Visitor: 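First, the structure itself, so that you have it in front of you.
Everything quoted here is computed from the prediction, not taken from an experiment. Both backbone and side-chain heavy atoms feed into the values below; hydrogens, waters and symmetry mates do not.
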Amino acid sequence: MFERISKDEYFMQIAKVISQRSTCIKRKVGAVLVKDSHIISTGYNGAPTGFKHCTEETCVRQNLKSGEKPELCRGVHAEINCIIQAALHGTSIKGNTTLYCTTFPCMSCLKLIINSGVNRLVYTEGYAMENKIKRDLLNESNIVIQKFQ
């Protein structure tokens, strides 16, 4: 008998493929916004549209630890690019919306995700809930968080 993959697996595999478009030299991240089981936008991390891509010569964070001095990064995170793409095309995120992402959002992305109206977040790796402020935001937000296995 033929078995179909779950919707979560389907959209997470798409997020992983999208991550391959990333122009970041440190970490490839992909994201997919899904509303009512339909893809409404995608995003990956990298320099702003029209800007030169990051290289080993231009990356000022390449020798820093993950998460250290994020303000120095010229890249836009995948989650934010996903939200921006929906906005640029006039697509509402509010409602039955899930964000699939290959990593758990950083604090800045998390706040934007909360404000955007996303009500479910599925991720595969990274960051988790590493501090009390982040955990409190998540608990107060009512966003359903699921780690994809």
Side-chain angles (χ1 to χ4, degrees), residues 3-54 59 61 64-149:
E3 276 191 46
R4 293 172 65 180
I5 62 173
S6 70
K7 286 183 181 180
D8 282 348
E9 186 172 351
Y10 171 70
F11 292 123
M12 192 55 73
Q13 284 186 21
I14 292 170
K16 288 177 185 175
V17 169
I18 291 163
S19 74
Q20 295 172 28
R21 291 278 305 152
S22 169
T23 61
C24 179
I25 64 168
K26 286 190 72 165
R27 176 181 254 173
K28 309 287 186 199
V29 181
V32 181
L33 262 172
V34 175
K35 185 173 184 178
D36 298 321
S37 296
H38 296 280
I39 295 171
I40 59 174
S41 66
T42 64
Y44 50 86
N45 59 323
T49 303
F51 283 61
K52 292 179 183 174
H53 299 308
C54 298
C59 180
R61 294 189 63 240
L64 299 177
K65 293 180 207 165
S66 179
E68 187 178 6
K69 297 190 179 189
E71 69 277 5
L72 298 179
C73 181
R74 61 185 271 131
V76 180
H77 288 187
E79 306 93 322
I80 302 312
N81 273 327
C82 214
I83 292 168
I84 289 168
Q85 286 304 308
L88 286 173
H89 296 285
T91 305
S92 174
I93 292 171
K94 195 166 183 150
N96 187 23
T97 309
T98 299
L99 177 67
Y100 292 87
C101 193
T102 57
T103 64
F104 195 86
C106 70
M107 186 67 146
S108 294
C109 288
L110 181 61
K111 291 184 280 187
L112 290 167
I113 290 166
I114 290 168
N115 269 2
S116 74
V118 168
N119 50 2
R120 182 170 173 249
L121 171 68
V122 180
Y123 70 99
T124 53
E125 64 176 72
Y127 302 124
M129 294 177 258
E130 76 272 3
N131 65 50
K132 181 181 178 347
I133 297 168
K134 201 175 204 182
R135 283 191 301 274
D136 290 347
L137 272 175
L138 285 168
N139 290 336
E140 200 173 330
S141 73
N142 294 320
I143 294 176
V144 175
I145 307 291
Q146 290 179 274
K147 184 170 191 324
F148 183 78
Q149 303 292 350

Visitor: Nearest 0.5 Å please: distance from the CZ atom of Arg61 over to the CZ atom of Arg27.
Guide: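 With rounding to 0.5 Å, CZ (Arg61) is 10.0 Å from CZ (Arg27).
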Visitor: Among residues at least two apart in sequence or on other chains, which ones pass side chain to side chain contact (heavy atoms under 4.5 Å, CB included) with Ile143?
Guide: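 Per chain and number, Ile143 pairs via side chain to side chain contact (heavy atoms under 4.5 Å, CB included) with Ile113, Ile114, Leu121, Ser141, Ile145.
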Visitor: Using the side chain to side chain contact (heavy atoms under 4.5 Å, CB included) criterion, which residues pair with Lys52? Sequence neighbours excluded.
Guide: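 Testing Lys52 for side chain to side chain contact (heavy atoms under 4.5 Å, CB included), a comparison that skips the adjacent residues, returns Arg74.
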Visitor: Checking Thr42 now: which residues fulfil side chain to side chain donor-acceptor pair (under 3.5 Å) with it, not counting sequence neighbours?
Guide: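 Here no residue qualifies.
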Visitor: Between Cys24 and Asn45, is there a side-chain heavy-atom distance shorter than 4.5 Å?
Guide: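 The answer is yes; the side chains approach within 4.5 Å.
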Visitor: To the nearest 0.5 Å, how far apart are CE in Met107 and CG in Leu112?
Guide: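 CG of Leu112 is found 11.5 Å from CE of Met107.
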Visitor: Count the heavy atoms belonging to other residues, nucleotides or ligands that lie under 6.0 Å from CZ of Phe148, then report whether that count exceeds 12.
Guide: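 Yes.
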Visitor: Calculate, to the nearest 0.5 Å, the distance between atoms CD and OG belonging to Glu79 and Ser116 respectively.
Guide: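 That separation rounds to 11.0 Å.
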Visitor: Under 3.5 Å, which donor-acceptor pairs link side chains of residues 87-94 to any protein atom two or more places apart or in another chain?
Guide:
from: His89; atom 1: NE2; to: Gln85; atom 2: OE1; distance (Å): 3.4
from: Ser92; atom 1: OG; to: Lys94; atom 2: N; distance (Å): 3.3

Visitor: Go through the structure and list residues passing side chain to side chain donor-acceptor pair (under 3.5 Å) with Lys147, not counting sequence neighbours.
Guide: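 Result, side chain to side chain donor-acceptor pair (under 3.5 Å) vs Lys147: none returned.
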Visitor: Would you say Ile40 and Val34 make side-chain contact, with heavy atoms under 4.5 Å?
Guide: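 Not touching, per the 4.5 Å side-chain cut-off.
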Visitor: Find the distance between OH (Tyr123) and OH (Tyr100) and round it off to the nearest 0.5 Å.
Guide: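 It is 14.5 Å, given to the nearest 0.5 Å.
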Visitor: Keeping to residues at least two apart or across chains, list the salt bridge (Lys or Arg N to Asp or Glu O under 4.0 Å) pairs with something in residues 95-120.
Guide: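 Every salt bridge (Lys or Arg N to Asp or Glu O under 4.0 Å) pair that includes a residue of residues 95-120, provided the two are not neighbours, is Asp8-Arg120.
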Visitor: Would you say CD1 of Ile133 has more than 12 non-hydrogen atoms from neighbouring residues, nucleotides or ligands within 6.0 angstrom?
Guide: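 At most 12 heavy atoms, drawn from other residues, nucleotides or ligands, come within 6.0 Å of this atom.
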Visitor: Rounded to the nearest 0.5 Å, what separates atom SG in Cys59 from atom NZ in Lys26?
Guide: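 Interatomic distance, Cys59 SG to Lys26 NZ, rounded to 0.5 Å: 6.5 Å.
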Visitor: According to side chain to side chain donor-acceptor pair (under 3.5 Å), who are the partners of Thr49, at least two apart in sequence or on a separate chain?
Guide: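 If we apply the side chain to side chain donor-acceptor pair (under 3.5 Å) test to Thr49, skipping adjacent residues, there are no hits.
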Visitor: Might you point out which heavy atoms bring Cys109 and Ile80 nearest each other, and give the distance in Å?
Guide: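 Answer, listing the atom of Cys109 first, then Ile80: SG-CG1, 3.6 Å.
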Visitor: Does the side chain of Phe104 reach to within under 4.5 Å of the side chain of Lys134, using non-hydrogen atoms?
Guide: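 Yes; the side chains approach each other to less than 4.5 Å.
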Visitor: Does a side-chain heavy-atom distance below 4.5 Å link Leu138 with Leu110?
Guide: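 Heavy-atom side-chain distance check passes, below 4.5 Å.
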Visitor: Which atom pairs, one a donor and one an acceptor, fall under 3.5 Å between side chains of residues 11-21 and the rest of the protein, sequence neighbours left out?
Guide:
from: Gln13; atom 1: NE2; to: Glu9; atom 2: OE2; distance (Å): 3.1
from: Ser19; atom 1: OG; to: Lys16; atom 2: O; distance (Å): 2.6
from: Arg21; atom 1: NH2; to: Tyr44; atom 2: OH; distance (Å): 3.3

Visitor: Counting only heavy atoms not in Glu3, do more than 12 fall under 6.0 Å of its CD?
Guide: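 Open.
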Visitor: Can you list the steps and then say if Val118 with Leu33 is a side-chain contact (heavy atoms from CB on, under 4.5 Å)?
Guide: CA-CA 9 Å; Val118 168; Leu33 262 172; 3.7 Å; yes
Visitor: Run the side chain to side chain contact (heavy atoms under 4.5 Å, CB included) test against Ala31 and tell me which residues pass, sequence neighbours left out.
Guide: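 Scan of Ala31 (side chain to side chain contact (heavy atoms under 4.5 Å, CB included), adjacent residues dropped) gives Ala78, Cys82, Leu99, Cys101.
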Visitor: Got a sec, which residues hit side chain to side chain donor-acceptor pair (under 3.5 Å) with Asn142, two or more places apart in sequence or on another chain?
Guide: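 If we apply the side chain to side chain donor-acceptor pair (under 3.5 Å) test to Asn142, skipping adjacent residues, there are no hits.
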Visitor: Rounded to the nearest 0.5 Å, what separates atom NE2 in His38 from atom OG1 in Thr97?
Guide: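 Here the rounded value is 12.0 Å.
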Visitor: Testing the basics here: between Gly43 and Asn81, what is the closest heavy-atom pair and its distance to 0.1 Å?
Guide: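 Scanning both residues, the minimum pair turns out to be CA-CB, 4.1 Å.
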